[in-house]
Amino acid sequence: MLENISAAPPDPILGLTEAFQQDSRSGKINLTTGVYKDEQGNTPILECVKRAEEKLLKDEKSKGYLGIDGLAEFLNSVRELALPGLAAEDQVAVFQSPGGTGALRVAADFVAKNFAGSRVWLSTPTWPNHPAIFQAAGLETKQYPYLSADRKSLDAAACLETLEKEGRAGDVICLHACCHNPSGVDPNSEQWQQIAELTARIGMLPLIDFAYHGFGDGLQQDRAGIERMAKHHQEYLICSSYSKNFGLYSERIGALMAVCPDAVSTVKVRSNIKTCVRSNYSNPPRHGGAIVACVLGDTELRSLWTSELAAMRDRIHQMRSAFVEAMRHRSPDVDFSFLMDQRGMFSFSGLTPMQVDWLKSEKGIYIVGSGRINVAGITPSNLDYLCDSIAEALSS
Ligand code: LMR
């Protein structure tokens with residue numbers, strides 16, 4: 001049986017990191033997977049996380065199973081972090097999940113089981129794993145246009161027109177709360193307003209991927225899109241990740257929040273999501289959730305976390321502008337200043353698949369095929385080599 005299986009293609013993002021690890025060149029640069037790197041190119045453990053772990057080591061009493069929905073302190077803290085003042089406690093069913101990906105998969109299963117015929121609308125482009133997750137749950141995915149032809153800004157008119165014409169009541173609209181992956185292009189407040197009004201009028205269910213909270217302009221600013229949606233929608237789903245903003249990548253910690261119109265529906269929704277979790281991973285792993293709960297529940301650790309998060313955000317921003325400046329000198333004919341309007345870890349560089357391939361084979365520089373660059377992978381010491389190589393790719 002097994003010998004008849006044909007090999008699956010490598011993952012478009014994680015597969016490149018595997019290839020990078022096998023590359024023996026010393027100057028190689030990895031700008032693929034969305035992982036934060038410090039100035040030395042390391043992915044650090046945040047100080048607030050280290051201190052929380054010390055506390056947990058002393059205080060934790062049991063490794064017994066958590067409930068299907070997770071650790072109560074975690075569920076309360078992350079609800080308040082994502083939805084302060086937006087929904088009453090009894091209107092939100094919250095689940096601790098294995099990463100943001102786990103939250104998305106549970107949300108997908110919940111939709112597939114309960115809303116027959118519901119289709120999921122994804123931006124073009126979107127995170128390559130989005131279609132795979134929804135399709136794995138048996139859902140049909142549809143695409144709405146997102147970027148302008150030059151891929152530098154949002155084409156809100158095209159997006160709204162497609163949804164208006166083809167969106168149906170009961171369809172799911174998947175949105176990125178901030179730091180759109182892969183483009184770094186987010187709707188402005190007027191565009192959020194238009195998206196919120198239209199999708200509410202059609203009767204679509206928003207599913208908001210909130211993987212980069214705090215990496216755009218700040219914790220409060222990055223919630224602006226959700227606030228807009230909440231004004232027009234009584235019900236929506238949020239899939240949060242704490243991989244990036246807490247640096248807890250390998251702890252696999254995220255959350256699914258289902259905002260419901262009233263307390264009675266919350267109880268019913270929670271019970272249904274529980275059945276999806278039980279048949280998937282049964283109940284969530286404890287450690288990542290315990291860390292997040294400990295940091296958010298302790299005034300001192302929480303303020304340390306916000307300052308460490310701001311430092312990561314600032315470093316990415318500095319690298320973004322250093323890159324634009326360095327490219328201005330090397331390739332004056334190609335304007336990279338649009339990168340300054342993009343937010344978060346990623347930018348669409350405008351590099352073609354051929355240039356991306358050339359950079360990998362000739363220079364050991366790994367970039368996702370779409371031209372997406374993880375700006376957080378740029379450091380003061382790899383900037384010159386990176387920009388020299390990109391300039392060479394652009395000129396040849
Ligand atoms: C990314 O887009 O690089 C991250 O979200 C990591 C992943 O799992 O793809």
Side-chain angles (χ1 to χ4, degrees), residues 29-48 81 127 147 151-154 176-189 191-192 209-226 240-249 303-331 334-351 365 367-368 370-387 390:
I29 304 175
N30 185 4
L31 303 181
T32 60
T33 314
V35 169
Y36 176 79
K37 308 264 179 64
D38 63 16
E39 291 221 328
Q40 284 71 46
N42 301 317
T43 301
I45 301 178
L46 299 187
E47 179 58 28
C48 63
L81 185 69
W127 182 44
L147 292 181
R151 306 203 306 172
K152 293 179 181 170
S153 60
L154 178 63
H176 303 221
C178 62
C179 310
H180 182 265
N181 181 2
S183 70
V185 174
D186 290 331
N188 61 28
S189 55
Q191 291 162 338
W192 271 116
D209 189 336
F210 204 11
Y212 294 89
H213 190 185
F215 273 83
D217 292 311
L219 285 169
Q220 193 204 328
Q221 296 89 325
D222 291 354
R223 276 192 300 255
I226 294 183
S240 281
S241 166
Y242 309 99
S243 298
K244 331 277 172 174
N245 54 12
F246 280 82
L248 288 171
Y249 305 90
S303 98
L304 177 59
W305 171 61
T306 45
S307 62
E308 292 189 280
L309 177 58
M312 291 195 278
R313 180 172 63 239
D314 291 348
R315 199 192 88 71
I316 296 175
H317 196 70
Q318 279 160 18
M319 284 298 110
R320 198 181 274 284
S321 63
F323 176 81
V324 171
E325 187 55 20
M327 288 311 299
R328 198 166 62 79
H329 294 299
R330 287 164 172 86
S331 301
V334 188
D335 182 13
F336 279 98
S337 59
F338 64 92
L339 264 74
M340 295 310 293
D341 297 328
Q342 303 177 348
R343 287 285 170 277
M345 269 194 195
F346 305 120
S347 268
F348 250 7
S349 60
L351 291 165
I365 295 173
I367 292 171
V368 177
S370 60
R372 185 192 84 170
I373 282 184
N374 174 16
V375 183
I378 307 177
T379 65
S381 52
N382 69 22
L383 181 71
D384 281 337
Y385 176 64
L386 173 68
C387 294
I390 292 181

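Note that the coordinates shown come from a computational prediction; the quantities given were computed from them, not determined experimentally.
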Min side-chain heavy-atom separation F348-L147 under 4.5 Å: yes

Do the side chain of N181 and the main chain of W127 share a donor and acceptor less than 3.5 angstrom apart? no

Is the distance between the ring centroids of Y212 and F346 less than 6.0 Å? yes

Determine the minimum heavy-atom distance between V324 and S337, stating which atoms define it. CG1-CA, 3.8 Å

Taken to the nearest 0.5 Å, the spacing of N42 CG from Y36 OH works out to 10.5 Å

What distance do I316 atom CD1 and I378 atom CD1 have between them, rounded to the nearest 0.5 Å? 10.0 Å

Which heavy atom in I367 sits nearest to a heavy atom in T32, and how many Å separate them? N-CG2, 3.9 Å

By the ring pair (Phe, Tyr, Trp, His ring centres under 6.0 Å) test, which pairs, at least two apart or in different chains, include something from residues 310-329? F323-F336

CG of L386 to OG of S381, rounded to nearest 0.5 Å, is 11.0 Å

The criterion is side-chain hydrogen bond (donor to acceptor under 3.5 Å, both in side chains); which residues satisfy it with R313, sequence neighbours excluded? none

Less than 4.5 Å apart, side chain to side chain, heavy atoms only: is that true for T379 and E39? no

Donor-acceptor contact present, side-chain K244 to main-chain G34, <3.5 Å: yes

Quick check: does any side chain N or O of S331 sit under 3.5 Å from a backbone N or O of V334, one acting as donor and the other as acceptor? no

Return the CH2 to OH distance between W305 and Y242, rounded to the nearest 0.5 Å. 8.5 Å

Under 3.5 Å donor-acceptor, R320 side chain and S347 backbone: no

Are the charged groups of R330 and D384 less than 4.0 angstrom apart, N to O? yes

Looking only at atom types and distance, does a side-chain atom of R151 sit under 3.5 Å from a main-chain N or O of S349, one as donor and one as acceptor? no

Residue pair V375 / M345, side-chain heavy-atom distance below 4.5 Å: no

Measure the OG-CG distance between S240 and D209 for me, rounded to the nearest 0.5 Å. 8.5 Å

Over all heavy atoms of both residues, which pair between L31 and G377 is shortest? Give the atoms and the distance, please. CD2-C, 3.5 Å

Examine distances only and state if a side-chain atom of Q221 and a backbone atom of G216 form a donor-acceptor pair shorter than 3.5 Å. no

Give the minimum heavy-atom separation between M312 and N245, together with the two atoms involved. CE-O, 3.8 Å

Do H213 side-chain atoms and L219 backbone N/O form a donor-acceptor pair below 3.5 Å? yes

Answer yes when R343 and D217 have at least one side-chain N-carboxylate O distance shorter than 4.0 Å, and no when they do not. yes

Which pair of non-hydrogen atoms, one from D222 and one from G214, has the smallest distance, and what is that distance? OD2-N, 2.8 Å

Side-chain heavy atoms of R223 within contact of F210, under 4.5 Å: yes

Determine whether L309 and F246 make a side-chain contact, defined as any pair of heavy atoms from C-beta on separated by less than 4.5 Å. no

Nearest 0.5 Å please: distance from the CG atom of L154 over to the CG atom of D341. 12.0 Å

Minimum heavy-atom separation for S307 to L304, with atom names? OG-O, 2.8 Å

Is there a donor-acceptor contact under 3.5 Å from the side chain of S241 to the main chain of S243? yes

